[in-house]
Amino acid sequence: MTWTPWIEIEPEDTADESVQRLYHRTRDRATGRPPDTVRLTSLTPRVAGLLHDLHKAIYHDARGLSLREKEIAALIVSDYNGCVH
């Protein structure tokens, strides 16, 4: 299924150097693409970078829950918020 955002985003081949740096810095090693959350906030690259760094700090560096428990919590919160899975 192709991901089609309904808000304006910067394309991956953008000429905007700050967005190019953001996309390069946040690129997923497995897919080679920046995360959707970064792309959705790409019109404000500084904010997008800060949100990405916060997500990484919470998701990867936070102690107390296993990775599996974090995934379960995220799924429950997403469902509670009405996100489609």
Side-chain angles (χ1 to χ4, degrees):
M1 182 174 179
T2 304
W3 182 69
T4 307
W6 53 272
I7 63 172
E8 186 179 347
I9 64 169
E10 286 286 343
E12 287 190 53
D13 61 350
T14 183
D16 185 321
E17 290 184 17
S18 61
V19 177
Q20 286 178 357
R21 285 191 302 275
L22 170 69
Y23 283 174
H24 179 73
R25 179 174 76 82
T26 61
R27 200 166 300 280
D28 184 291
R29 292 179 189 175
T31 65
R33 303 188 65 180
D36 291 344
T37 53
V38 170
R39 293 176 61 206
L40 286 170
T41 54
S42 62
L43 294 181
T44 53
R46 182 169 175 264
V47 172
L50 291 170
L51 287 171
H52 177 74
D53 294 344
L54 177 62
H55 172 263
K56 267 182 66 176
I58 292 170
Y59 191 75
H60 295 288
D61 300 340
R63 306 265 185 239
L65 295 176
S66 70
L67 185 57
R68 182 178 179 162
E69 292 168 330
K70 291 177 192 178
E71 288 285 340
I72 292 169
L75 178 64
I76 292 169
V77 170
S78 295
D79 187 59
Y80 181 78
N81 288 333
C83 297
V84 178
H85 304 280

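Numbers here simply count residues along the sequence, with the first being 1.
Side-chain atoms of Ser66 come within 3.5 Å of backbone atoms of Glu69 as a donor-acceptor pair (strictly under, hydrogens ignored). In this structure a side-chain-to-backbone donor-acceptor pair under 3.5 Å is missing from Asn81 to Cys83.
Residues Glu8 and Leu43 share a closest heavy-atom pair of O-CD1, 3.4 Å. Taking both residues in full, the closest heavy atoms of Thr26 and Pro35 are given as O-CD, 3.2 Å, listed atom of the first, atom of the second, then distance.
The line from OG1 of Thr14 to CD of Glu12 is 10.5 Å long, rounded to the nearest 0.5 Å. To the nearest 0.5 Å, atom OG1 of residue Thr44 and atom CG of residue Leu50 are 9.5 Å apart. Atom CD1 of Ile72 sits about 7.0 Å away from atom CD1 of Ile76, to the nearest 0.5 Å. Of the inter-residue distances, the one linking Leu22 atom CG with Arg46 atom CZ reads 12.5 Å to the nearest 0.5 angstrom.
Residues Arg25 and Asp53 are paired through a salt bridge, judged by an N-O separation under 4.0 Å between the basic side chain and the carboxylate.
Defined by atom type and a distance below 3.5 Å, a donor-acceptor pair is present between the side-chain atoms of Ser42 and Tyr23.
You'll find the side chain of Gln20 stays beyond 4.5 Å of the side chain of His24, heavy atoms only.
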- request: Might you work through the side-chain contact (heavy atoms from CB on, under 4.5 Å) test for Thr41 and Leu51, ending with a clear yes or no?
  value: CA-CA 9 Å; Thr41 54; Leu51 287 171; 4.1 Å; yes
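Under the side chain to side chain contact (heavy atoms under 4.5 Å, CB included) rule, Val38 has a single partner from His52, His55, Arg33, which is His52.
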